[in-house]
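Worksheet: one structure, shown below.
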Amino acid sequence: MRRPLVAGNWKMNKTAAQAVALVNELMPGLKGISDVERVVCPPFTSLPSVHDLLKNTEIGLGAQNMHFKASGAYTGEVSPEMVKEFCQYVILGHSERRQYFAETDATVNEKVKAALAMGLTPIVCVGETEKEYDAGETKAVVTRQILAGFAGIAAADAEKIVVAYEPIWAIGTGKAATAEGANAVLKDSIRPAMSQLWGEAAAQSIRILYGGSVSAANAAEYFKQPDIDGALVGGASLKPADFVTIVTAAKK
Ligand code: PGA
């Protein structure tokens with residue numbers, strides 16, 4: 001049984017003071033929910049204060065990125081150990097990182113290895129552009145992202161990975177993928193690529209989330225699908241009532 005997981009990707013939103021206010025609003029609703037792993041991923045500057053707030057709760061904390069090197073002359077970067085000081089999770093390879101900050105499958109691979117070595121749960125994003133979708137290249141793209149992004153990772157470690165399928169054309173657009181369409185990509189492309197790397201049992205045990213315009217109104221449709229194990233939520237994770245509704249809907 002794969003435990004459902006819903007993570008809120010706040011992106012570049014909220015000051016530290018605003019983050020504390022938002023988590024205070026979220027906490028009563030999120031505390032009561034059992035059987036769903038729920039995670040908030042605020043910007044780096046809010047991690048210490050949100051970490052203090054979430055102490056002794058079952059709400060997890062994640063970063064939105066990290067560097068793969070342990071330390072050194074990498075101005076502006078944050079190391080795995082620095083993330084681990086506050087977080088249990090880290091989002092890696094988000095399409096916005098790939099698009100605006102030149103991340104590649106190779107750097108994602110380095111980051112996934114560094115996260116696993118540090119005992120962090122990586123939430124690794126894959127997904128095709130609208131052009132690739134229109135050209136029927138979704139399977140080829142996500143297969144390449146999985147095979148290259150996870151190259152050299154042992155099956156025993158793989159089970160700690162979480163994958164988020166986020167078609168780029170669905171992110172922040174309100175143009176969400178259909179639940180059936182998203183499930184088909186997970187079932188026919190992503191799990192088979194993972195099976196190629198680690199075997200069928202591992203591929204079946206790894207959690208895969210859907211992301212891209214998930215809302216309080218459409219979340220339940222995704223969670224009904226057999227291969228979708230939760231969601232990576234952007235815009236709606238900034239609205240406390242909506243995020244609580246989404247997390248609640250993920251309960252099996
Ligand atoms: P969205 O973002 O829910 O605002 O579409 C999802 C994401 O980018 O993780």
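Counting starts at 1 for both ligands and their atoms, in listed order. Just so you know, these numbers come straight off a predicted model, no measurement behind them. We use all heavy atoms of the structure for the numbers below, so side chains are in, but hydrogens, waters and symmetry mates are not. Numbers here are sequence positions counted from 1.
Set against the non-hydrogen atoms of His94, the atoms of ligand 1 under 4.0 Å away are 7 (C), 8 (O), 9 (O). Interface of Gly172 with ligand 1, defined as ligand atoms under 4.0 Å from a residue heavy atom, comprises 1 (P), 4 (O), 5 (O). Every atom of ligand 1 is numbered from 1 in the order shown, and the set under 4.0 Å from a heavy atom of Gly235 is 1 (P), 3 (O), 4 (O).
Residue Glu166 has at least one N or O atom closer than 3.5 Å to an N or O atom of ligand 1. Between Gly212 and ligand 1, a contact under 3.5 Å exists for no N or O pair. At a 3.5 angstrom cut-off on N or O pairs, Leu232 does not count as close to ligand 1. For ligand 1, the polar-atom distance check finds no N/O of Gly211 at less than 3.5 Å from any of the ligand's N/O atoms.
Among Gly234, Ser95, Ser237, the residue whose heavy atom sits closest to atom 3 (O) of ligand 1 is Gly234.
The SG atom of Cys41 sits 6.5 Å away from the CD atom of Gln64 when rounded to the nearest 0.5 Å.
With hydrophobic clusters built from ILVMFWY side chains whose heavy atoms lie under 4.5 angstrom apart, Ile171 does not share a cluster with Ile246.
Side chains of Glu128 and Trp169: a donor-acceptor N/O pair is present below 3.5 angstrom, by distance only. Inspection of the Glu110 and Thr107 side chains reveals no N or O donor paired with an N or O acceptor under 3.5 Å.
Partner Leu120 forms a side chain to side chain contact (heavy atoms under 4.5 Å, CB included) with one of Lys111, Met66, Lys160 and no other, that one being Met66. When the options Val39, Val50, Val90 are evaluated for a side chain to side chain contact (heavy atoms under 4.5 Å, CB included) with Leu61, the one that passes is Val50.
Using modelled atom types, no side-chain atom of Arg207 and backbone atom of Ser205 make a donor-acceptor pair closer than 3.5 Å.
Residue-level proximity to ligand 1 for Asn9 is carried by the side chain, the only part with a heavy atom below 4.0 angstrom.
In this structure, Ala236 has no heavy atom closer than 4.0 Å to ligand 1.
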